[in-house]
2 protein chains.
Amino acid sequence: MNFKIKNRYDYNCLKNFSKKRGLKSSQKRMLIIDYFLKQDKHYSVDELYNHIKNKIPGIGYSTVYRTLKLLAECGIASERHFEKGFTRFEPIHKEEHHDHLICTKCSAIIEFTNQEIEKIQRKIARNFRFFVSDHKLEIYGLCSRCAKKEKNQ
Amino acid sequence: MNFKIKNRYDYNCLKNFSKKRGLKSSQKRMLIIDYFLKQDKHYSVDELYNHIKNKIPGIGYSTVYRTLKLLAECGIASERHFEKGFTRFEPIHKEEHHDHLICTKCSAIIEFTNQEIEKIQRKIARNFRFFVSDHKLEIYGLCSRCAKKEKNQ
DNA sequence: CTCATTGCAAACGATTTGCATACCG
DNA sequence: CGGTATGCAAATCGTTTGCAATGAG
């Protein structure tokens with residue numbers, strides 16, 4: 001098949017995971033993964049499904065759902081529970097951890113990285129003899145655009 | 001009625017909010033709020049309902065649910081979406097913001113506060129011209145007890 | 001051929017709501 | 001009395017799963 005995952009790391013992850021689990025490959029799944037990784041956004045299953053159903057005719061909701069879960073399981077994507085009552089998936093870029101600014105008005109999501117915070121978090125964890133596996137920093141508020149609109153009213 | 005909310009601040013919040021919305025007070029609601037604030041834990045609706053149904057005979061799930069939503073709306077409690085697919089509510093103590101260490105094994109939740117982090121967050125927000133209203137820092141991993149167990153196996 | 005993948009519809013669990021009744025002011 | 005609060009059951013929403021048909025190795 002011609003559908004290659006751009007990132008070598010992700011590709012190996014998936015390959016190893018598939019082997020371990022005895023999974024087969026499939027055209028549809030690869031197309032979804034390809035699209036998801038290329039877009040590099042914070043998709044809910046619903047959003048991704050709606051974006052993709054034109055591009056992959058006859059695709060089912062469960063397939064998108066199952067593919068995202070799969071990516072989460074093999075560590076290529078991570079599940080996030082921002083504000084509302086549903087899950088968003090985002091590609092993980094192993095190189096560096098990032099955190100989020102989330103606009104409560106327009107739902108824009110801005111990513112940022114900050115080494116100081118990483119450092120402090122490690123310090124805090126040490127204090128509590130806590131063995132860190134992951135962390136999430138989410139800053140909620142208004143993005144510059146929405147803040148401006150708010151002011152002008 | 002004899003059921004007073006200990007914290008003056010919370011009490012005023014609720015009073016103002018009720019006035020604005022034309023709400024009446026009710027014995028059951030006050031009992032729930034009282035219990036919730038006194039316990040000061042991270043309850044899911046389900047947990048709180050189960051703890052409280054012995055203490056308040058005939059109490060309904062929706063009442064607990066509606067009361068927690070109400071507290072969230074008037075700013076006395078905040079809704080958190082930790083790991084799993086349900087919501088937890090925690091009392092907000094206006095005095096100082098705190099964050100969480102969450103054990104992925106036993107679900108223990110440890111609270112902590114750290115001024116440095118607050119400072120850095122404000123700095124980051126400024127960089128993005130982001131108007132912060134709230135933030136959440138969650139560190140996931142193993143608490144000391146679970147980490148020890150893990151090691152011994 | 002064997003077994004994984006898929007689409008569909010139906011199950012599920014958490015949350016939310018409609019409605020008749022109970023309660024508050 | 002007029003309108004809010006409550007309990008119950010039923011609706012809703014996102015997520016999961018069973019199953020028969022399809023696809024991959």
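Chain letters run A, B, ... following the sequence lines, proteins first and then strands; every chain starts at 1.
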In whole angstroms, the gap separating P of C:dT5 from CG of A:L71 amounts to 13 Å

Grab the N/O contacts between the protein and nucleotides 10-12 of chain C below 3.5 Å, and write none if there aren't any.
none

Exercise. Angle class for the B:F82/B:H100 ring planes (parallel below 30°, perpendicular above 60°, tilted otherwise)?
Worked result: perpendicular

message = ring pair (Phe, Tyr, Trp, His ring centres under 6.0 Å), that's the test. Do B:Y43 and B:F89 meet it? Break it down for me.
response = CA-CA 5 Å; B:Y43 279 118; B:F89 293 79; over 10 Å; no

Notebook entry, point to check: Base, sugar-phosphate, or nothing for B:T87, non-hydrogen atoms under 4.0 angstrom?
Noted result: sugar-phosphate

Connected to A:I110, directly or through other members, by ILVMFWY side-chain contacts below 4.5 Å are A:L101, A:F112, A:I117, A:I120, A:I124, A:F128, A:F130, A:V132, A:L137, A:I139, B:L101, B:I110, B:F112, B:I117, B:I120, B:I124, B:F128, B:F130, B:V132, B:L137, B:I139

A:L70 CG to D:dT17 P, in whole Å, measures 14 Å

Here the distance between atom P of C:dA4 and atom CZ of A:F17, to the nearest Å, is 14 Å

- So, B:K123 and A:E116, do they make that salt bridge, N to O below 4.0 Å? yes

Whole-Å distance, B:K69 NZ to C:dT15 C1', equals 8 Å

Quick check: does any side chain N or O of B:D34 sit under 3.5 Å from a backbone N or O of B:M30, one acting as donor and the other as acceptor? no

Output for pair (A:L48 CG, A:I32 CD1), nearest 0.5 Å, gives 7.0 Å

Q.
Would you say the rings of B:F86 and B:H81 are close, in the sense that their centroids are separated by under 6.0 Å?
A. no

Atom NZ of A:K15 and atom P of D:dG25 are separated, to the nearest Å, by 13 Å

Protein-proximity profile, nucleotides 1-8 of chain D, B/S/- by nucleotide at the 4.0 Å heavy-atom cutoff, equals -BBSSBBB

Parallel, tilted or perpendicular for B:H42 and B:H98, by the 30°/60° rule? perpendicular

Rounded to whole Å, NE2 of B:H81 lies from C1' of D:dT15 at a distance of 16 Å

Rounded to whole Å, CG of A:L31 lies from P of D:dG23 at a distance of 14 Å

Q. Are A:I92 and A:I109 co-members of a hydrophobic cluster defined by side-chain heavy atoms under 4.5 Å apart?
A. no

A:D46 CG to D:dT12 P, in whole Å, measures 17 Å

